[in-house]
Amino acid sequence: MNKPTLDHIGIAVKSLDAAKIYEALGLTVDHVETVTSQNVRTAFLSAGDANLELLEPTGPESTVAKFIEKRGEGIHHICFRVDDIESHLARLKSLGYRLINEAPVPGAHGCRVAFLHPSAGDGVLIELSEKS
Ligand code: CO
């Protein structure tokens with residue numbers, strides 16, 4: 001099993017127009033995609049080895065909409081790319097960490113993703129992602 005690598009930092013925004021500040025910094029939006037399983041529209045900006053993922057809720061039922069309502073816009077999660085998501089989830093669960101997704105769900109870029117419960121990361125929402 002390879003070491004996980006930082007894939008992206010997820011940022012909750014009311015609108016993907018929030019990309020403007022990063023574009024002003026010289027980054028570019030490489031990919032925009034609606035992820036129906038998460039009720040979000042995402043924009044990815046490559047920043048070297050890792051990316052920024054802007055998350056705009058597609059409706060009030062989106063967990064990102066609820067996040068913004070409660071905590072305002074800002075950093076929402078960090079995501080590690082792993083090469084065997086099932087074994088990571090099984091090991092974390094056996095170690096007693098709470099998972100939001102016990103099995104991977106479809107993410108952006110055709111990846112399979114799973115979120116740990118924020119309590120597992122001491123307030124940091126951690127996403128695991130495996131490229132298909
Ligand atoms: Co993400």
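Every heavy atom of this structure was used, including side-chain atoms; hydrogens, water molecules and symmetry mates were not. For ligands, and for the atoms within them, numbers begin at 1 and follow the listed sequence. All residue numbers in this chain count up from 1 along the given sequence.
With a 4.5 Å cut-off on side-chain heavy atoms, C79 and N51 do not count as touching. Contact of the L55 side chain with the F67 side chain is not registered, since no non-hydrogen atoms from C-beta on lie closer than 4.5 Å.
The closest side-chain donor-acceptor pair between E53 and H76, if any, does not fall under 3.5 angstrom.
With respect to the Co ion (ligand 1), E53 has OE1 as its nearest N, O or S atom. In terms of distance to the Co ion (ligand 1), the nearest N, O or S atom of E127 is named OE1.
Among the atoms of C79, no N, O or S atom is found under 2.8 Å from the Co ion (ligand 1). Among the atoms of H8, an N, O or S atom is found under 2.8 Å from the Co ion (ligand 1).
Between H31 and H109, the ring-plane angle classifies as parallel under the 30° and 60° cut-offs.
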